[in-house]
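Residue numbers start from 1 in every chain, and the chains themselves are labelled A, B, ... in the order their sequence lines are given, proteins ahead of strands.
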There are 2 protein chains.
Amino acid sequence: MAKLDSVPAPTLRRFPNYLTLLKQHLQDGQSHISCTHIAQDLDMTAIRVRKDLEMTGVVGRPRVGYPILPLVEAIEQLLGWNEPSRAILVGAGNLGSAIIGYAPLGQMGLKIMGIFDNDAHKIGTRIQGQTVLTTEQMPEMIRNHSIDIGILTVPEKVAQEVADSMVSAGLSAIWAFTPRPITVPEGVVVERVQLAASLAVLMGRMLEEDRRVPARAG
Amino acid sequence: MAKLDSVPAPTLRRFPNYLTLLKQHLQDGQSHISCTHIAQDLDMTAIRVRKDLEMTGVVGRPRVGYPILPLVEAIEQLLGWNEPSRAILVGAGNLGSAIIGYAPLGQMGLKIMGIFDNDAHKIGTRIQGQTVLTTEQMPEMIRNHSIDIGILTVPEKVAQEVADSMVSAGLSAIWAFTPRPITVPEGVVVERVQLAASLAVLMGRMLEEDRRVPARAG
DNA sequence: GTCACACTGTTAACCGAATCACACTGTAGA
DNA sequence: TCTACAGTGTGATTCGGTTAACAGTGTGAC
């Protein structure tokens, strides 16, 4: 039985990596896999893999490893990827379209129920087979289809406003691609994808490397 | 003078947040700002702000706060955002186009020097005013224009291959949007943007919340 | 049957980041 | 000039996640 303890965020972040690897080995016909093997494939230490898998409650056997199928099922259950969650996307710009087109979204238990924008030029157009609706129709959609997750890819200026109307319509989780934080009431979960933060880490480390080995002089 | 100690990754990640806030206050005509104020605006603790700003080497004054302009300059220097870095993007699909169209890229010191793809349908088309070139032309471009950063938005299958040819052409940093890790030699910096990981955290926490307050049943 | 050992499960040590507590400083106000 | 105090700077503490160390276990080989 899976533990009900809260899973640390770093572990949650690594779960998808395990999933893709496990599914691949499953397709190759294997039924068990050892954490040493997983660690090698994903370039991490065996201990960390063991610790992460411990969260699933699945037990392994000496000289055999962990049973893959139960692992996959346990992880998917911990992530809620075993059954589809209903989601909407607001902001059908470049980024929004890219997210919608991101193939493995379906494998992650996400079902896009609607796409919204307030740009007259975009309303009525189709993205990946779905018609773009006006933002005004959003709250109704959230209520009538009991949407769980809102994907926020609107420009900075209206981000907070849209988030507010999402929350007041009953959404419980927001996946935000906004450069600045948004504030939500207690109980609503927000996860931000910060491209700027990621780039900052990349360039910061790059400068550090250059400083350590000054091969190229600016 | 800014410290040359390595800046912790979490701090690097927060720097862009400070930057946008600071620039905004600068535009509003303010010359100084206190960490308490910053903390309130960004919904974090004052202590953490102070610790982060400590890395810049800029000193604040009691009852006045930190001088904004030096702060901005110090942070941009630590991130290498003060002068443009030359970058290329490989993989002109949905995601690639979205990245190219991501407005603040220029403010982050990134100058896109070329866009590459190996899909015959895309080669020759224009994205944000730039013509898509064939992947074969990439190494030449890297060498001739001393490109620093490669943005990797290709499908999973060719990711490692493209990364390899980037590295062998002399790139020193890769910003990868690939679902699986890529391996590079020592000295090359890789930063992955993992959409799946982010979504995993969101949904994991959502389930936790539901478990804690079981308002909605299945 | 029994032996070796690959691999797991668990407790303890470690480390870095976040947080706390508090001394210090110099400005603003009287 | 003096005082109060907002706000900084810093050493000590806590905390969570990673790593290490080691005991336990049951499979596969002989």
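Formation of a donor-acceptor pair under 3.5 Å by the A:D117 side chain with backbone atoms of A:A92 is found in this model. A donor-acceptor contact shorter than 3.5 Å links the side chain of A:S97 to the backbone of A:G93. In terms of modelled atom types and a separation under 3.5 Å, the side chain of B:S172 and the main chain of B:V188 share no donor-acceptor contact. The closest donor-acceptor contact from the side chain of A:Q160 to the backbone of A:T183 lies under 3.5 Å. No donor-acceptor distance shorter than 3.5 angstrom exists from the side chain of A:R61 to the backbone of A:Y66, with no hydrogens or angles considered.
Per the geometry, CZ belonging to A:R61 stands 16 Å off C1' belonging to C:dC5, to the nearest Å. The distance between atom CG of B:L53 and atom C1' of C:dA18, rounded to the nearest whole Å, is 15 Å. With rounding to whole Å, B:D52 atom CG is found 10 Å from C:dA17 atom C1'. To the nearest angstrom, P of C:dA6 lies 6 Å from CZ of A:R63.
Between B:G60 and A:T11, the residue whose closest nucleotide on DNA chain D is further toward the 5' end is B:G60. If A:Y66 and B:A9 are placed on DNA chain C by their nearest nucleotide, the residue sitting closer to the 5' end is A:Y66.
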Intermediate values then yes/no, side chain to side chain contact (heavy atoms under 4.5 Å, CB included), A:V58 and A:L53: CA-CA 7 Å; A:V58 176; A:L53 297 190; over 6 Å; no
For the pair A:D148 and A:S85, evaluate side-chain hydrogen bond (donor to acceptor under 3.5 Å, both in side chains) and give the outcome as yes or no after the intermediate values. CA-CA 6 Å; A:D148 297 310; A:S85 300; 4.5 Å; no
Stepwise side-chain hydrogen bond (donor to acceptor under 3.5 Å, both in side chains) check, A:R86 with A:S146: CA-CA 8 Å; A:R86 286 176 289 277; A:S146 63; 3.2 Å; yes
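Of all nucleotides in DNA chain D having an atom under 4.0 Å from a heavy atom of chain A, the first and last in 5' to 3' order are D:dG17 to D:dG28.
Remark: A:T45, A:I47, A:R48, A:R50, A:K51 in residues 24-51 of chain A come within less than 4.0 Å of DNA chain D through at least one heavy atom.
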